[in-house]
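Notes for the one structure printed next.
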There are 4 protein chains.
Amino acid sequence: MNQAIAQSKTNKQKRNKLDKRQAVLDAALTLFVENGFHGTSTASIAKHAGVATGTLFHHFATKDAILTELFVTIKTRFASEITSKAALNGDFEHDANALWQQAIDWALANPLQQAFFLHFSLSSEIPSNTRNMAMHDILGFLVDMLKQGQQQGELCQYPIELMLENCHGQYLAAIRFFTDNPQLGIDPNHRNASFQLFWRAIKA
Amino acid sequence: MNQAIAQSKTNKQKRNKLDKRQAVLDAALTLFVENGFHGTSTASIAKHAGVATGTLFHHFATKDAILTELFVTIKTRFASEITSKAALNGDFEHDANALWQQAIDWALANPLQQAFFLHFSLSSEIPSNTRNMAMHDILGFLVDMLKQGQQQGELCQYPIELMLENCHGQYLAAIRFFTDNPQLGIDPNHRNASFQLFWRAIKA
Amino acid sequence: MNQAIAQSKTNKQKRNKLDKRQAVLDAALTLFVENGFHGTSTASIAKHAGVATGTLFHHFATKDAILTELFVTIKTRFASEITSKAALNGDFEHDANALWQQAIDWALANPLQQAFFLHFSLSSEIPSNTRNMAMHDILGFLVDMLKQGQQQGELCQYPIELMLENCHGQYLAAIRFFTDNPQLGIDPNHRNASFQLFWRAIKA
Amino acid sequence: MNQAIAQSKTNKQKRNKLDKRQAVLDAALTLFVENGFHGTSTASIAKHAGVATGTLFHHFATKDAILTELFVTIKTRFASEITSKAALNGDFEHDANALWQQAIDWALANPLQQAFFLHFSLSSEIPSNTRNMAMHDILGFLVDMLKQGQQQGELCQYPIELMLENCHGQYLAAIRFFTDNPQLGIDPNHRNASFQLFWRAIKA
DNA sequence: GATGAATGAGGGTTCATTCAT
DNA sequence: TATGAATGAACCCTCATTCAT
C-alpha cells in the first residue's frame, strides 16, 4: 500500500511535468496560428501557458524546437488518424476517396491544428529541413499509392514527382477552401466536387 | 550651355533619386528571398543598397511598405507579361495552355521574382490584407475565364470558388516543381504534363 | 551478520555521500580551469559530477562556496606538501632553494591544481576576501623566513612588505613559465636559473 | 564663411559622436575595475555613460570589444608615455632605472588605468589572445633591452624567456605594492628599493 | 540525503524608426 | 534629399537557487 502511494505520487509528478510541457505546446499552437512564429514571443507563450519563461526553456531547448515538435506531432497524428479511420476495400478510386474525405474531416474536426498546418506547411518561418522532413513523411504513403496506381493502370502516367507536387497542391487548396468555408464542409456537393477535381486530374 | 548643364544636373539628380529607391527595392528583393522578411534587417537592406538607413525611410514609410511594394510590383509585372505575351486564338484549351506555358516561362526567366512569389504569396510574414489584395488581382482574370468556360460548356460545373482555389493550388505546385527542378523546365514532356494535370481536372 | 551488513551499508552510504561531495569538487575544478568561474554553470558541474542540481546545493550553500573550498583546499595541500617534503638543513640559501624547487615540483605534478591556482589567485572572479585570506596564509611562512633572513644578515634590508610582494610576483612568474613550458621543468638549467633570479634579488 | 560654419558643424557632430563613444569607454573602465567584467552589465555601462543601450552597441560590436579596446588603448598609452618621458643616456643601469621609475610614476598618476591593468593583465575574464597580444606588444621593447643587455655583458645570461617572465612578474608586484600603498610612492627609499630588487635579479 | 522541475530576474544583443545636422 | 548616430523596448535565452516529492 505504501508502494501504491509512492507509485501514485510518481504518477502525479510525471503528470504535472507533462501538463506544463503540454500547456506550453498548447499555448504555442494557439499563438503561432494567431500571430505567426516571429510575431509570438517566448514570454507570451509562457504567460499563456501559465508557466515561467524558465520553465519553457526547461522543456524545450529553443523556440524553434517548440515549432518543430508541434509540426511533427500534428503531422504524425494527422497521418495516423486518416489512414486508420479510412475504410479501404482495395478499389483504387474508392480508397482514394475514403482517404480524401477523412483528410477533409480531420481538417474540420481540428481547426486549430489545421490552421497551423496551412500556416506553416509552406512557410519559410520554419527551418526548411524540418518542413522537408515532415512533408516527406506525410507524402510517403502518397508516393506508394501513386506508384501502385500507375502500375495497375488506374492513374495517368505523368512523371511521379510532378504528380506528387500536384496532389499536394490540390490537397492544400481543398482544405484551405473548406477551412475558409466551414459551413460547406457538410455539403455533399462540395465534398464530392473537391474529390472529383483531384481524381480527374490524376486518374488514367 | 549653362542651362544644358543645369538640365543635365537635374536629370542626374532625379536619376540618382530613383536609383536609390530602386536600389533599396532590389536589395530587399534579394535579401527577403535569401533570409525571409524577419530575417532581413532594414540596416542590411540599406547597406546592400549602398544608402544610409535614413534614406531608406525617406523612400518607404515602413519596412512593411517595401514588402508590399515589391509584392504589388512583381504581381503586376507578372500578370501583364503573361497576358500580353500569350498568343490567344479563342479556342479555350489552346488559350488556357498558352497562358499556362507563359506563366511557367515567366517563372523560369525571373528566378528571383519567382522565389519571392513562392516565399511570400502564402506566407504569414506579410500582412494578410496585402496578400489577399494581390491574390485577388492575380486571380481576377482567372475567375472571368472560369465563368466563361463553364458557360461555353468547356469546363466542368463544380462550384466556382472551389475551382478557383484548386487552380491556384495547382499553379503554385507547378511552379514550385519547375523552380526546384529547373533543368526540366525545357523538357516538353514535363511542361505538357503539368498542363495536362491542370486541364484534366477542370475540363468538361 | 545482520549487523555486519548494516555496518557495511552505513559505510557505503557515508562513502557515497562523500563521493558525491568530492565528485562535485572534482568536476568544478576541471570546469573552472577550463571555462572560468562565470563560464561554468552549476548545472554543468552537477552533470559532470553525475549528481542532481539539488544535490549540489545540499553540499554547498552557494556556487561561491565551491570555489572557496577548492581554493582553501588546494592552498592548504600545497603549503603542507612543500614544507613537509623540503629537506631543510638550516643553511639559508640551501633551504630557500629546497622550498623553491619543491614548489616548482608541486606545480608540475599537479597541473590541474596549478592551473586553478594561476587562474584564480589574482582573479577578480573570486571574492577578494577569500583571495586575501588564502594569500595571507600562503605567504605567512614567507614573512617569517624573510624576517629571519634579514636578522641573520642573509637577505637585503629593503622594506619587508615590498620584498614580500616581490617574492610573490617572482614565484608566480616562475610557475607560469614552467606551466607554459612543461618540457623545461626537468631541465636543471632552467630550474636553477629560476631560483637564481629569485635569490639574487633578495640575498644580502 | 558658410564653409566655416559647415566645418564647425561637422566638427561638433564628430565631437558629439566621439564623446558618447568615449563616455562608454570611461564608464566601462570605472565599472570593470569596480565590479569586474562579468559583474558589469552592458545596461549599467550605458546608464553610467548616459547613453541608451542601443548606442553602446552602435559603437561596439560586443561587450568584449569594449574590454579589448580599453586594454589596447591603455597599454599603448602606457608604453608610449614611459618610453617618451624617460631620459635615456646610453648607460644601461641608468636607462633601466629611468624606465622603471617612469612606469611607477605612470601607475601613480593614472590610478584607474593602473587598477584596470592589475585587474585584467592576468585575468581569465578577457580572451587569452587579446591578453597575449597586448602582453607581447608591451614586452616587445623589454625583449630588445634584455637581449642587448646580455650582449653587452650588463645582464646575467639566463634563458631570455624566463627572464622576461620574471621581469614581468616583478613589475606587476611593484606596481601592486605602490597601488596598495600610494603614500609610499613619493618615498625615495621604497622607490629605489623596488628598482634595486629588480636590478639585482637580472644584472650581470 | 537526493532529486530535477520550476522559477523569474537578469543577461547580451537586435532592430525599426527618428531626427538633428 | 541624404545621412547615420541615437534610441529603448523587445528579443531569446541562462542560471543560481528553491522546494515538493
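Naming: A, B, ... by sequence-line order, numbering from 1 per chain.
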Terminal axes of the helix from E:dA2-F:dT21 to E:dT21-F:dA2 (5 end pairs apiece), angle rounded to 10 degrees, sit apart by 10°
Less than 3.5 Å between a donor and an acceptor, one on the side chain of B:T53 and one on the base of F:dA5, is that the case here?
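Indeed there is one.
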Can a donor-acceptor pair under 3.5 Å be found between the side-chain atoms of B:T62 and the base atoms of E:dA16?
no
Evaluate the side-chain proximity of D:T42 to D:F57: yes if any heavy-atom separation is below 4.5 Å, no if none is.
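Side chain of D:F57 against side chain of D:T42, heavy atoms only: contact under 4.5 Å found.
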Minimum side-chain heavy-atom gap B:V33-B:L29 below 4.5 Å
yes
Give the minimum heavy-atom separation between B:V24 and B:I45, together with the two atoms involved.
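In this case the closest contact between B:V24 and B:I45 is O-CG2, 3.7 Å.
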Could you check whether any side-chain N or O of A:S41 sits under 3.5 Å from a backbone N or O of A:S44, counting only pairs where one atom can act as donor and the other as acceptor?
yes
With A:R21 as partner, the option from A:E69, A:H59, A:H58 fulfilling side-chain hydrogen bond (donor to acceptor under 3.5 Å, both in side chains) is A:E69
So, is C:H58 near the phosphate of E:dA2, with a side-chain N or O under 4.0 Å from OP1 or OP2?
no
Grab the [atom1]-[atom2] distance between [X] and [N] for me, whole Å please.
X     : N      : atom1 : atom2 : value
D:K20 : F:dG4  : NZ    : P     : 18 Å
B:F60 : E:dA16 : CZ    : P     : 15 Å
B:D19 : F:dT1  : CG    : P     : 16 Å

Using a strict heavy-atom distance below 4.0 Å, which residues from residues 39-48 of chain B are in contact with DNA chain E?
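Within this stretch, B:T40, B:S41, B:T42 sit under 4.0 Å of the strand.
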Only one of A:F116, A:F117, A:F37 passes ring-ring contact (aromatic ring centres under 6.0 Å, His included) with A:F32; say which it is.
A:F37
